[in-house]
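Let me begin by presenting the structure, written as structure tokens, before commenting on it.
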Protein chains: 4
Amino acid sequence: MIRVGIIGATGYAGQQLVWLLHQHKSTEIIFLSSYSYADHSFSDIHPQYDRFLENVCINIQSIENKLHEIDLLFIALPHGKSFEITKKALNLGVKVIDLGADFRLKNPLSYEKWYGLQHSCINLLSASVYGLPEIHRKAIKKAQLIANPGCYPTASILALAPILKHGLIDTKSIIIDAKSGVSGAGRKASIPTLFAECNESIKAYGVGGHRHTPEIEQETSNIYGKEITLSFTPHLIPMNRGILATCYINLKEKQSQEDLYILYKDFYKDECFIRIRKNLPETKWVKGTNLCDIGLCVDERTGRVIILSAIDNLMKGAAGQAVQNMNILFGLKETEGLELLPMNP
Amino acid sequence: MIRVGIIGATGYAGQQLVWLLHQHKSTEIIFLSSYSYADHSFSDIHPQYDRFLENVCINIQSIENKLHEIDLLFIALPHGKSFEITKKALNLGVKVIDLGADFRLKNPLSYEKWYGLQHSCINLLSASVYGLPEIHRKAIKKAQLIANPGCYPTASILALAPILKHGLIDTKSIIIDAKSGVSGAGRKASIPTLFAECNESIKAYGVGGHRHTPEIEQETSNIYGKEITLSFTPHLIPMNRGILATCYINLKEKQSQEDLYILYKDFYKDECFIRIRKNLPETKWVKGTNLCDIGLCVDERTGRVIILSAIDNLMKGAAGQAVQNMNILFGLKETEGLELLPMNP
Amino acid sequence: MIRVGIIGATGYAGQQLVWLLHQHKSTEIIFLSSYSYADHSFSDIHPQYDRFLENVCINIQSIENKLHEIDLLFIALPHGKSFEITKKALNLGVKVIDLGADFRLKNPLSYEKWYGLQHSCINLLSASVYGLPEIHRKAIKKAQLIANPGCYPTASILALAPILKHGLIDTKSIIIDAKSGVSGAGRKASIPTLFAECNESIKAYGVGGHRHTPEIEQETSNIYGKEITLSFTPHLIPMNRGILATCYINLKEKQSQEDLYILYKDFYKDECFIRIRKNLPETKWVKGTNLCDIGLCVDERTGRVIILSAIDNLMKGAAGQAVQNMNILFGLKETEGLELLPMNP
Amino acid sequence: MIRVGIIGATGYAGQQLVWLLHQHKSTEIIFLSSYSYADHSFSDIHPQYDRFLENVCINIQSIENKLHEIDLLFIALPHGKSFEITKKALNLGVKVIDLGADFRLKNPLSYEKWYGLQHSCINLLSASVYGLPEIHRKAIKKAQLIANPGCYPTASILALAPILKHGLIDTKSIIIDAKSGVSGAGRKASIPTLFAECNESIKAYGVGGHRHTPEIEQETSNIYGKEITLSFTPHLIPMNRGILATCYINLKEKQSQEDLYILYKDFYKDECFIRIRKNLPETKWVKGTNLCDIGLCVDERTGRVIILSAIDNLMKGAAGQAVQNMNILFGLKETEGLELLPMNP
């Protein structure tokens with residue numbers, strides 16, 4: 001049994017992680033911790049867990065005393081909050097999967113620029129592994145510290161990886177227009193995410209400046225082998241869950257849709273969580289699962305390929321991927337605890 | 001008083017038109033007609049009109065006998081259904097505003113290609129005016145037949161027009177990623193638009209092949225002066241109303257955001273329904289009105305400008321624009337009956 | 001022109017009031033005030049007002065200096081916040097319409113019990129008029145201080161008034177099961193009203209103890225002539241606007257549905273905002289208007305009548321009714337500024 | 001392994017059943033059948049099943065040839081459609097769980113009255129068992145034919161059963177005000193269940209005449225021991241899933257809330273799917289599970305108890321309960337395949 005602790009357990013991503021780990025056959029939850037709800041029963045905050053989970057959330061201070069009891073620490077905190085606890089955990093030989101943004105960017109200057117914060121664990125950056133298993137599976141196996149990817153980057157990078165490897169595209173042309181449900185904004189009191197503010201409307205936000213941009217660029221550049229600069233625009237959609245990324249790329253030369261479909265099928269042929277679709281993906285088809293559905297369409301008129309990917313932002317975009325990383329890290333079957341059938345409607 | 005008839009009055013666009021015309025000071029509704037609900041009281045189909053409107057929908061056959069009683073015929077029918085009645089109306093000297101697609105494309109071969117239907121009124125195409133007042137106001141004033149623009153083209157063309165006129169862009173780079181509420185799909189029984197199919201999901205549709213593409217290309221080409229081919233991708237959003245178009249364009253040379261803002265402000269300075277915004281538009285800010293909100297963001301990293309426009313698809317995207325066209329056509333104040341304040345939440 | 005000031009203008013009810021008053025032909029807005037957004041431009045908080053309204057929200061302290069400039073003060077604050085300013089306004093001869101709860105209950109002990117707060121303006125209670133025009137029109141005409149009814153009480157009292165007057169019911173049997181959109185919870189940062197908390201769920205709240213209960217009982221008792229105790233249960237529905245009240249009452253003796261329908265039609269025959277419906281009301285049929293739709297169904301099997309009423313909680317349930325009260329108070333046509341056609345979808 | 005066939009597999013309830021049975025360890029799906037989609041791959045109709053389920057839906061005619069291959073037939077068809085196939089299956093020794101309404105009412109005259117259809121299998125009615133395990137577990141164990149309860153009756157009967165057994169209530173006073181998500185209306189093309197018709201609105205329907213009324217009365221009468229006539233009013237809520245039933249009952253004499261809470265706790269103490277809550281239930285807390293949450297509130301002012309129950313209409317209200325019945329019928333652990341943790345948000 002893998003003994004795990006979860007910090008930030010009552011947020012949407014944290015809670016989804018609890019959901020998965022509670023049902024996972026090979027893990028034991030040693031503690032849950034919450035900034036906002038320390039000393040509350042977890043099922044008081046999330047009453048759906050009544051009868052299933054009786055843990056009390058411990059406060060942040062108590063975590064240190066518990067670190068020696070666990071094998072793996074999951075952190076689901078806002079950026080800038082993971083540095084200290086990560087250091088302490090690693091020093092004790094506890095592995096860490098950070099669902100936050102603190103260890104995703106390899107370049108500390110980039111972190112500083114985009115997050116407006118100095119990075120206080122620069123020495124850990126080179127050792128940390130960007131936890132997108134379809135791209136970095138080998139490194140994940142040997143990692144001590146895994147930076148779990150952001151939700152938008154997961155959808156975006158998975159959509160782009162095969163064609164980037166293939167190479168025959170104009171890399172200056174990449175545009176990612178992404179749409180997310182409101183749970184992506186987190187579970188904190190705020191007016192812009194009130195029901196009556198989000199319902200019956202759609203908006204873009206962070207245009208030209210969203211923090212997931214450098215993360216997507218870092219990974220796509222690595223895959224392509226040369227530096228890539230791209231456009232990324234997120235939108236807020238009146239639904240609870242789901243991300244759809246619509247990616248536009250100019251083809252260097254003519255490609256048939258069938259050829260690209262085969263390329264994608266082939267690239268992901270051993271991947272259990274990627275489905276290449278003949279029809280266009282819809283977020284409801286992956287809801288509640290760790291799946292990423294990808295579809296593509298060659299537009300001969302414009303010489304462009306449009307690649308669409310759909311994930312559940314709290315699953316493959318956060319907690320599901322964290323569990324997938326854990327499974328790899330601890331030598332379990334990669335799908336353990338993640339064999340979930342999408343539930344509709 | 002302008003005496004008007006409305007064909008297709010019980011669909012979502014038709015009904016919105018009835019809503020506007022009923023409250024318009026200078027129009028008198030002579031008849032409403034409906035394929036599906038002939039001989040039904042209009043307020044039986046749309047009970048919100050109880051006490052306000054007591055008309056009975058006449059059947060399609062009865063329209064011909066009524067044509068001589070009206071000055072203006074509005075048609076809100078699916079494509080391919082407007083040809084015959086338009087001819088008859090024009091022959092009697094009745095002006096026509098067609099909210100459908102039958103007279104929007106000047107090139108009948110293009111119509112045939114995209115709509116899979118032969119155009120049976122080719123002779124009317126050259127005389128018909130594409131009813132986007134901000135672009136074609138002068139021609140609208142003198143028109144007999146106005147082709148009211150599609151919802152997506154309205155949002156897209158208005159977003160692109162100023163920068164196209166300006167010229168300093170790479171016209172091969174234009175990408176329009178648009179998002180629409182479900183009312184855009186019309187009021188007809190169908191499984192894909194059921195509540196439980198649309199709610200809590202998002203999808204793209206018609207990728208690379210949506211019929212509004214040639215319409216957008218025709219108009220942007222006219223504005224630019226050279227032929228433009230662009231990408232247009234519509235998405236279905238779980239909300240009733242609203243379209244947001246996110247447009248991506250490569251700048252030929254560096255432009256400051258402020259300069260482009262001023263360019264847009266200036267281009268639309270006399271327009272009563274266009275608001276150029278410092279912040280990014282949200283569809284709720286135009287809900288229930290004929291407004292089009294436009295915002296833009298220069299992304300220096302990529303050399304791209306991202307232009308966002310928001311409209312109410314049933315208003316500026318259909319019925320509101322039809323009334324605006326009517327006002328121009330009959331020499332009324334352009335805002336008459338359209339001085340609507342957006343209602344939130 | 002009636003010169004008006006609005007306190008609490010940026011909340012959902014306050015903003016709806018601004019919406020109505022801005023378009024009202026006989027009013028001039030002298031000031032808007034906001035606790036949370038003092039010194040902000042109103043259209044910064046509610047960007048849909050851009051171009052329509054350029055007022056800056058004044059702070060609460062500045063109001064006193066402005067009171068002498070107005071004829072009428074609207075207050076849209078949480079309970080307990082209206083006492084002082086109301087006194088000052090009345091002393092200066094300014095009439096007051098309070099959209100909050102502070103002057104609705106005639107019995108200060110009842111106020112204390114249900115609101116957990118001592119009433120500090122007991123002397124004003126007898127003079128204040130409960131502003132439900134369909135019941136208290138005469139008193140409203142002569143009032144200095146109008147307590148605008150709560151949203152649930154408006155729907156409930158209007159549903160029950162005719163049959164209570166009629167008398168032939170078992171008054172111990174009255175049950176009101178009400179459902180409201182989320183805007184009723186107000187525009188303040190809170191977790192329970194976040195999109196992802198409210199969407200895709202329904203719950204009851206305040207069961208057996210909601211503060212609108214004594215208000216409904218006070219008014220229904222007055223109408224009936226004897227004290228009434230009843231059950232009132234509100235529910236939160238994942239939609240922005242609308243209240244549906246489903247009322248259950250045992251009939252003392254058999255009544256036909258047709259007879260009761262005629263009774264209701266007759267009771268409200270001169271009312272411009274009440275529609276008695278043959279079919280069952282839906283909230284969308286009154287959306288965006290000051291209308292109250294009422295339908296009823298006699299269930300012969302149980303000897304019960306079920307009466308349903310639908311209102312827009314921000315209109316007839318708040319701002320619309322406040323304007324209706326203003327119209328009456330100042331001798332205007334009662335429907336002025338309220339001749340709104342419901343907008344769907 | 002229990003070999004099962006499913007008729008009506010592509011509807012919302014049928015599909016949810018496929019979801020459960022596909023993941024159930026002790027069942028093998030022998031065939032899926034669909035009226036509307038015969039010869040289609042199941043995952044063409046419900047693309048979320050891609051990779052998980054490759055069955056082709058067989059047509060209704062082919063079922064007969066397949067009956068000898070199965071142990072259990074699930075039928076999820078509209079009422080009036082189950083008679084013939086049920087007879088044939090039972091004759092072959094195949095057990096039947098009918099998710100439709102055809103065998104729920106013991107009295108064929110009642111069926112005829114409420115469903116407007118003659119019952120053509122009257123001889124099967126006495127042998128059929130009403131499949132609400134918490135009430136009829138013993139009979140279910142020995143049944144050949146199980147009538148799976150309706151969604152509203154499940155929520156209603158479970159809410160009322162303990163206090164009915166207890167006896168100290170006025171049985172003439174029972175009122176059930178129920179609210180359901182739109183999936184309850186089924187997956188068929190229709191205008192009233194379109195997104196733009198249901199979203200942003202609430203309505204009651206079938207007031208005084210909904211077909212679930214006699215079903216609730218039959219079962220509550222059996223539990224109480226005397227005939228009960230009650231009021232049942234369903235409402236349509238803009239959400240995909242979930243039923244909340246708010247039940248009002250007059251207490252014959254004073255009862256404390258704590259006593260009733262203990263009574264409920266005790267009544268359901270051995271039930272794995274019933275949670276008696278200290279706080280009020282919300283439908284999201286049971287979403288995606290076979291749970292029924294019940295909360296209650298004694299209103300001393302009115303001498304009434306208000307009992308609230310929440311279920312997932314497609315789970316405990318349909319497919320989940322069908323699997324629970326199967327588990328009992330075949331001697332499996334009752335929770336097998338149903339140990340689901342509610343997923344939020």
Side-chain angles (χ1 to χ4, degrees), chain B residues 11-12 15-16 18-23 43-53 181-187 196 199-200 238-241 271-289 291 293 295 310 312-315 319 339-345, chain C residues 11-13 15-16 18-23 43-53 181-184 186-187 196 199-200 238-241 271-289 291 293 295 310 312-315 319 339-345:
Chain B
Y12 288 134
Q15 182 266 125
Q16 183 68 75
V18 172
W19 191 92
L20 287 166
L21 293 172
H22 175 68
Q23 298 174 95
S43 67
D44 277 358
I45 310 309
H46 292 291
Q48 67 268 30
Y49 286 85
D50 187 36
R51 268 209 196 170
F52 293 93
L53 200 82
V182 185
S183 65
R187 190 173 186 271
N199 192 40
E200 279 297 293
M239 59 185 193
N240 283 351
R241 284 175 182 248
E271 292 300 335
C272 37
F273 295 115
I274 314 285
R275 297 188 296 193
I276 308 304
R277 292 201 158 271
K278 281 277 179 184
N279 45 15
L280 299 173
E282 310 190 14
T283 59
K284 67 180 173 183
W285 297 341
V286 299
K287 195 167 60 174
T289 75
L291 295 165
D293 276 8
D312 182 321
N313 60 305
L314 296 179
M315 287 294 218
E339 283 152 336
L340 301 158
L341 233 165
M343 189 183 283
N344 277 168
Chain C
Y12 287 135
Q15 182 266 123
Q16 184 68 75
V18 173
W19 191 92
L20 287 166
L21 292 173
H22 175 68
Q23 298 175 93
S43 67
D44 278 357
I45 310 309
H46 292 291
Q48 67 269 28
Y49 286 86
D50 187 38
R51 267 206 197 173
F52 292 95
L53 200 80
V182 185
S183 65
R187 191 172 186 271
N199 192 38
E200 279 297 292
M239 59 185 193
N240 284 351
R241 285 174 182 250
E271 293 299 335
C272 36
F273 295 115
I274 313 284
R275 297 190 294 194
I276 308 305
R277 291 200 158 272
K278 281 277 181 186
N279 44 15
L280 298 174
E282 310 190 11
T283 59
K284 68 180 172 183
W285 297 341
V286 298
K287 196 168 58 175
T289 75
L291 294 165
D293 277 8
D312 182 320
N313 59 305
L314 296 179
M315 287 296 217
E339 281 152 340
L340 302 158
L341 232 164
M343 188 183 283
N344 279 167

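Everything numeric in this text was worked out from a predicted model, so none of it was measured. Within every chain, numbering begins at 1; the chains are lettered A, B, ... in the order of the sequence lines, protein sequences first and strands thereafter. Any value given below was found using the heavy atoms of this structure, including those in side chains, with hydrogens, waters and symmetry copies removed.
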In terms of heavy-atom pairs under 4.5 Å with chain C, which of B:N279, B:I274, B:L314 leads? B:I274
With a 4.5 angstrom heavy-atom cut-off, could you sort out which part of B:N199 is near chain C: side chain, backbone, both or neither? side chain
Among residues at least two apart in sequence or on other chains, which ones pass ring-ring contact (aromatic ring centres under 6.0 Å, His included) with B:Y49? B:F42
Side chain / backbone / both / neither for C:E339 at chain B, heavy atoms under 4.5 Å: backbone
Could you look at B:R275 and say if it's the side chain, the backbone, both or neither that has a heavy atom under 4.5 Å from chain C? both
Per the side chain to side chain contact (heavy atoms under 4.5 Å, CB included) rule, which among C:M343, C:R241, C:Q48 passes with B:M343? C:R241
If you compare all heavy atoms of B:N240 against all heavy atoms of C:K287, which two are closest, and at what distance to 0.1 Å? ND2-NZ, 4.4 Å
Is it the side chain or the backbone of B:L20 that comes within 4.5 Å of chain C heavy atoms, both, or neither? neither
Turns out that what part of C:R187 lies under 4.5 Å from chain B's heavy atoms comes down to neither
B:M239, part contacting chain C, at a heavy-atom distance under 4.5 Å: neither
Check whether B:R277 reaches the backbone of C:P47 with its side chain - one donor and one acceptor, N or O, closer than 3.5 Å. yes
Check whether any side-chain heavy atom of B:V182 sits under 4.5 Å from a side-chain heavy atom of C:P345, and report yes or no. no
Assess the residue pair C:H46 and B:N344 against the criterion (side chain to side chain contact (heavy atoms under 4.5 Å, CB included)); give the C-alpha distance rounded to whole Å, side-chain angles, the decisive distance to 0.1 Å, and a yes or no. CA-CA 9 Å; C:H46 292 291; B:N344 277 168; 6.0 Å; no
For C:E271, check side-chain hydrogen bond (donor to acceptor under 3.5 Å, both in side chains) against everything at least two apart and list the hits. C:R137
Heavy-atom side-chain contact between B:F52 and C:L291 under 4.5 Å: yes
